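Here is the structure we will look at, set down as structure tokens.
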Amino acid sequence: MKHLISMKILSLEEIMFFLTRAAEFKQSGIKKLPGKYYISNLFFEPSTRTKMSFEIAERQLGLEVLPFESSFSSTLKGETLLDTVKTLEAIGLDTLVIRHPEDGFYEQLLEETSVSIVNGGDGSGQHPTQSLLDLFTIYEEFGTFKGLKILIAGDVVHSRVARSNADVLTRLGASVTVLCPPEWSGEFNSVNKWDDVIGTSDVIMLLRVQHERHELQSIYTNESYHEQFGLTEQRAKEMKKDAILLHPGPFNRGVEIADVLIDSPQSRIFRQMKNGVFIRAAVLETILKGRN
Ligand code: CP
């Protein structure tokens with residue numbers, strides 16, 4: 001494998017390989033790769049979890065990590081993303097992790113460069129390593145995907161996490177339901193009442209309202225959104241006892257999820273972040289071994 005761009009093109013075997021390798025890393029530690037590889041993380045949108053967990057995975061794999069700050073790069077002087085990537089390839093980088101606001105930013109890069117690209121999130125498109133770490137966290141909990149009922153609740157139309165996960169979880173044998181305000185459902189068939197789904201879901205994945213991607217001001221205040229579409233403390237009392245809560249982060253406490261639920265016994269939200277390091281190490285190891 002040379003790139004990781006989208007969950008859609010990963011086979012179920014490739015997905016299960018990443019989950020197995022991440023589990024090995026979690027149990028026995030991340031092993032340094034022989035040889036010397038240069039990598040950089042090009043983030044043109046804000047990030048805490050993805051950027052930092054890639055960076056720690058890269059360091060644990062023994063990679064040479066070159067710092068890149070988009071706000072101090074020549075993109076501010078008008079250089080295109082393609083020319084930035086061609087430049088980094090010319091000076092010797094092997095792999096680039098890129099987050100960019102444009103859906104499908106990688107298409108021209110794949111055609112015109114030979115550096116390996118890992119998609120760290122493209123606009124409202126895909127976020128494959130987030131999806132893999134979500135899958136890893138679910139698999140760690142239940143040991144299977146078959147027959148699980150997964151609820152994805154929130155701003156799905158703007159969510160690359162929802163888009164990455166809905167399709168792959170269905171392919172893996174889970175049943176996925178989407179809950180959101182009717183006007184935010186996009187291509188998804190959705191429900192908009194918690195009563196219909198709260199008592200039967202095994203996994204409840206909450207998503208942030210992505211105000212930065214809304215063209216019009218939302219008709220919901222934080223309070224009215226929480227009341228109508230958020231996971232409130234009251235609603236959470238109806239959850240199955242062995243159901244788990246996931247959230248890719250960043251979360252807005254008291255909006256899509258009640259403050260206390262983030263640290264509740266059924267929450268796996270901080271475990272997801274930890275698992276992200278092992279998944280990203282598994283992805284980078286596979287890609288860099290593929291370059292030999
Ligand atoms: N989940 C996620 O992508 O978080 P960051 O924006 O902090 O990277």
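Keep in mind that what you see is a predicted model, and the values were worked out from it rather than measured.
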Honestly curious: do [X] and [Y] fall in one hydrophobic cluster under the side-chain, below-4.5 Å linking rule?
X	Y	answer
Met52	Phe43	no
Ile219	Val255	yes
Leu172	Ile9	no
Phe72	Ile91	no

Please check this pair: side chain of [X] against backbone of [Y], looking for a donor-acceptor N/O pair closer than 3.5 Å.
X	Y	answer
Ser201	Ile198	no
Lys2	Ser114	yes
Glu233	Leu261	no
Ser131	Pro128	no
Arg208	Gly249	no
Asp122	Gly104	yes
Ser267	Ile262	yes
Trp194	Gly199	no
Asp94	Tyr38	yes
Ser164	His127	yes

**OP:** Go through the steps for Val97 and Thr129 under the test side chain to side chain contact (heavy atoms under 4.5 Å, CB included), then give the verdict.
**Re:** CA-CA 11 Å; Val97 178; Thr129 58; over 6 Å; no
**OP:** Over 60° means perpendicular and under 30° means parallel, so classify the ring planes of Phe229 and Tyr225, tilted if in between.
**Re:**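 Aromatic pair Tyr225/Phe229 classed tilted.
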Original post:
Does the side chain of Arg99 pick up a donor-acceptor pair with the side chain of Thr50 at under 3.5 Å?
Top reply: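 Side chains of Arg99 and Thr50: pair found under 3.5 Å.
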Under 4.5 Å between any side-chain heavy atoms of [X] and [Y], yes or no?
X	Y	answer
Ile98	Leu109	yes
Leu88	Leu66	no
Val157	Asp155	yes
Trp184	Val209	yes
Arg171	Leu12	yes
Leu61	Ile39	no
Leu10	Phe18	yes
Ile5	Gln126	no

So, [X] and [Y], do they make that salt bridge, N to O below 4.0 Å?
X	Y	answer
Lys289	Glu285	yes
Glu89	Lys86	no
Lys240	Asp202	yes
Arg163	Asp167	no
Glu256	Arg235	no

Can you measure from [atom1] ([X]) to [atom2] ([Y]) and round to the nearest 0.5 angstrom?
X	Y	atom1	atom2	value
Ile117	Tyr106	CD1	OH	11.5 Å
Ile15	Glu13	CD1	CD	9.0 Å
Leu135	Leu169	CG	CG	5.5 Å
His158	Cys180	NE2	SG	11.0 Å
Glu79	Thr87	CD	OG1	4.5 Å
Arg280	Leu133	CZ	CG	5.5 Å

**OP:** Could I get the full list of side chain to side chain donor-acceptor pair (under 3.5 Å) partners for Asp263, not counting sequence neighbours?
**Re:**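 For Asp263, the residues satisfying side chain to side chain donor-acceptor pair (under 3.5 Å) (neighbours in sequence not counted) are Arg253.
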Original post:
Can you name the nearest heavy-atom pair linking Leu206 to Pro248, along with the distance?
Top reply: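 Heavy atoms of Leu206 and Pro248 come nearest at O-CD, 3.3 Å.
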**OP:** Report the C-alpha separation of Asn165 and Ile150 in whole Å, then their side-chain angles, then the decisive distance to 0.1 Å, and conclude whether the side chain to side chain contact (heavy atoms under 4.5 Å, CB included) test is met.
**Re:** CA-CA 10 Å; Asn165 275 338; Ile150 316 270; over 6 Å; no
Original post:
Could you walk me through whether Thr177 and Asp196 pass the side chain to side chain contact (heavy atoms under 4.5 Å, CB included) check?
Top reply: CA-CA 10 Å; Thr177 303; Asp196 301 341; over 6 Å; no
Subject >> Steps toward salt bridge (charged side-chain N to carboxylate O under 4.0 Å, His left out) verdict (Lys26, Glu140) >> reply: CA-CA 11 Å; Lys26 190 168 183 179; Glu140 220 176 24; 2.7 Å; yes
Subject >> CA sep, side-chain torsions, deciding dist, call: Lys51, Glu58, salt bridge (charged side-chain N to carboxylate O under 4.0 Å, His left out) >> reply: CA-CA 11 Å; Lys51 188 162 188 275; Glu58 289 157 4; over 6 Å; no
Original post:
Mind checking whether Phe44 and Phe68 have ring centres under 6.0 Å apart?
Top reply: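 Yes, ring centres under 6.0 Å apart.
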**OP:** Could you please spell out the steps behind the side chain to side chain contact (heavy atoms under 4.5 Å, CB included) verdict for Ser264 and Leu245?
**Re:** CA-CA 9 Å; Ser264 68; Leu245 292 175; 4.1 Å; yes
Subject >> salt bridge (Lys or Arg N to Asp or Glu O under 4.0 Å) against Glu111, all qualifying residues, sequence neighbours excluded >> reply: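 Glu111 satisfies salt bridge (Lys or Arg N to Asp or Glu O under 4.0 Å) with no other residue.
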